Amino acid sequence: MAYLPNSDADRTAMLEVVGAGSVSDLFATIPASLRDPTVELPPPLGEQDLVAEVERLAARNHPLSELDNFLGAGVYSRFIPAIVRGTIGRPEFYTAYTPYQAEASQGTLQTIFEFQSMICALTGLDVANASLYDGATAAAEAMMLAVQATGRDRIAVSGAVHPETLRVLRTFAAGRSVSLDVVAARDDVTSIDDVRATLDERHAGLLVQQPTFFGTLETLAGLAEAAHAVGALALCSADPLACTVLVPPADAGFDVCVGDGQPLGVPASFGGPHVGYMAVRQALVRRMPGRLVGITNDHAGRRAYALTLQTREQHIRREHATSNICTNHALVALAATVYMAHMGAGGMREVATVSAQRAHHLADELCAVKGFSLASATPFLWEFVLRCPADAAAVAAAMREQGIVAGLPLGRVDAARADELLVCCTEMTSRPAIDRFVAALTALDTAALPQVRQEVAV
């Protein structure tokens, strides 16, 4: 590697210290077939031809703005005010994407402190950290926080959480010898009776999602009570915008709230990068992973910000660290902070309200189409599951040909739900787009599409 300044004499000296005769000896344990694999690549192109080829490939991508988009499932198409991009594009922020020496910049620390304060206001909890990587890993960190706080080694998780979150939980749990019990969803929500039957004194916590992956609304208070009855922590993964129109998790008795900040001024961006958040009750503050910014006064009595209560592995012995997270998604968290500051509580509440109103209007219109109905009678917010008279993937493909992204075919996550489509509305869903969706579905010849309902019933 040309950028390494070691001379031949330096390399020889280092090899002698480790007892190797050559650099290749350092890789002797790696199978020869893996050391220098053959990669089948096309012949090289000249610069002009290469640019043309890259442009051809890029043209295959179509932004959601070109289509009537009803896709949600954890990543949402929401309006991003120009002030968000204008702020995070400033070089003093943009070049310090993950500021490892945040103490050097009071401005960066202040924006993080404001992010924490706004997350506390949304969730109703006492303390929030400087941000995490995304909603799924934030949920996994909440699981490990509960394990450390209670000294127990089992976690109960609702079957209505996002399936990708559940996969991340399983990965974390396997590496930390934590047992995971999934409470099957009934009518697309968590059954309190099933939770009570599952939980016992071995469980560190119960994790649920609000709204659920299916868009339905959980009865949070009863779930928190069931967790506390066995000495477990109540953990909630919540959409931050939903917190503006629903009972905040803290008011429902939850101890920890996590989630993904993508709806807060962060573009879909093919699935990332996003930003995760975590808020906890005061008693759990020293169990929190990652960074925490506090406010104080300097020697002259002026307001100052500083990293505080640092239980990161970089600062204390590894075995006593709360997590191996040592940083945060500062730039993406800044985008969320600017969005929340610009929109205000009233603006965010209006976004949530409009999204819900349009989703319920769309659901009524689609259910009036012959053969289509809601898969659940449970109340929903801005996403709902539409049962189709044919294979949902085929229905979605037919809609896509007409410039409509109809939603997520649930057969991709559960083969038993191959006739169901997860449909979403946001404030970006226009009335004409809703009309076009309903008209296209009404004109669709579902009898010519693959039929799956009978197979699912069997």
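Just so we're clear, the structure is a prediction, and the values are computed from it rather than from any experiment.
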What's the spacing between [X] [atom1] and [Y] [atom2] if we round to 0.5 Å?
X	Y	atom1	atom2	result
D255	D126	CG	CG	10.5 Å
F372	C388	CZ	SG	5.0 Å
C424	L422	SG	CG	7.5 Å
S430	N69	OG	CG	11.0 Å
R387	L366	CZ	CG	14.5 Å
Q262	L264	CD	CG	8.5 Å

Inset, instruction - Decide, yes or no, whether a salt bridge links R417 with D188 under the criterion of side-chain N to carboxylate O below 4.0 Å. - result: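 So R417 pairs with D188 through a salt bridge.
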Legend entry - side chain to side chain contact (heavy atoms under 4.5 Å, CB included) evaluation trace for M143 with L180: CA-CA 10 Å; M143 174 181 69; L180 211 63; 3.8 Å; yes
Legend entry - Donor + acceptor pair across side chains of T337, E114 (<3.5 Å):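 No donor-acceptor contact under 3.5 Å links the two side chains.
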Legend entry - Distance-only polar pair, side chains of T216 and T378, donor-acceptor under 3.5 Å: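 No, because no side-chain N or O of T216 sits under 3.5 Å from a partner of the opposite role on T378.
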Is the shortest heavy-atom distance from the side chain of [X] to the side chain of [Y] under 4.5 Å?
X	Y	answer
M343	P81	yes
R186	D193	no
D414	E420	no
I80	Y339	no
T123	F254	no
V351	F79	no
L410	F214	yes
L408	F213	yes

Legend entry - Flag if over 12 foreign heavy atoms under 6.0 Å of CD, E164: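 No, CD of E164 has 12 or fewer neighbouring heavy atoms, counting only those of other groups under 6.0 Å.
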Legend entry - Heavy-atom neighbours of R436 CZ exceed 12 at 6.0 Å: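 Yes - once you tally the heavy atoms of other residues, nucleotides and ligands closer than 6.0 Å, there are more than 12.
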Atom of [X], atom of [Y] and distance for their closest heavy-atom approach:
X	Y	result
S77	M428	O-CG, 3.4 Å
I83	T87	O-OG1, 2.8 Å
G261	V266	O-CG2, 3.9 Å
L217	V189	O-CG1, 3.6 Å
M278	P289	SD-CD, 3.4 Å
T244	L241	OG1-O, 2.5 Å

Inset, instruction - Assign the ring pair Y133 / H329 to parallel, tilted or perpendicular, where the plane angle (0 to 90°) is split at 30° and 60°. - result: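 Y133 vs H329 ring planes: perpendicular.
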Inset, instruction - If the plane angle is over 60° it's perpendicular, under 30° parallel, otherwise tilted; pick one for F380 and H360. - result: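 Judged by the thresholds at 30° and 60°, the geometry between F380 and H360 is parallel.
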Legend entry - Passing candidate, side chain to side chain contact (heavy atoms under 4.5 Å, CB included) with D260, options D134, L132, T165: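 Filter result, single survivor: D134.
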Legend entry - Residue that, paired with L169, satisfies side chain to side chain contact (heavy atoms under 4.5 Å, CB included) out of L207, T137, V178, V182: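 Of the listed options, the one satisfying the test is L207.
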When you measure from the side chain of [X] to the backbone N and O of [Y], does any donor-acceptor pair fall under 3.5 Å?
X	Y	result
R291	N328	no
R152	E201	yes
H203	D200	yes
E218	Q210	no
Y277	S131	no
Q106	A304	no
Q110	Y305	no
T426	S355	no
T219	G222	no
E365	D435	no

Inset, instruction - Give the intermediate values and the outcome of side chain to side chain contact (heavy atoms under 4.5 Å, CB included) for residues M288 and V127. - result: CA-CA 9 Å; M288 292 186 74; V127 187; 4.0 Å; yes
Inset, instruction - Evaluate the criterion side chain to side chain contact (heavy atoms under 4.5 Å, CB included) for residue pair I192 and E225; output intermediate values, then yes/no. - result: CA-CA 10 Å; I192 294 180; E225 291 173 2; over 6 Å; no
Inset, instruction - Just do the side chain to side chain contact (heavy atoms under 4.5 Å, CB included) check on T446 and K370 with the steps written out, would you? - result: CA-CA 10 Å; T446 56; K370 183 179 179 180; over 6 Å; no
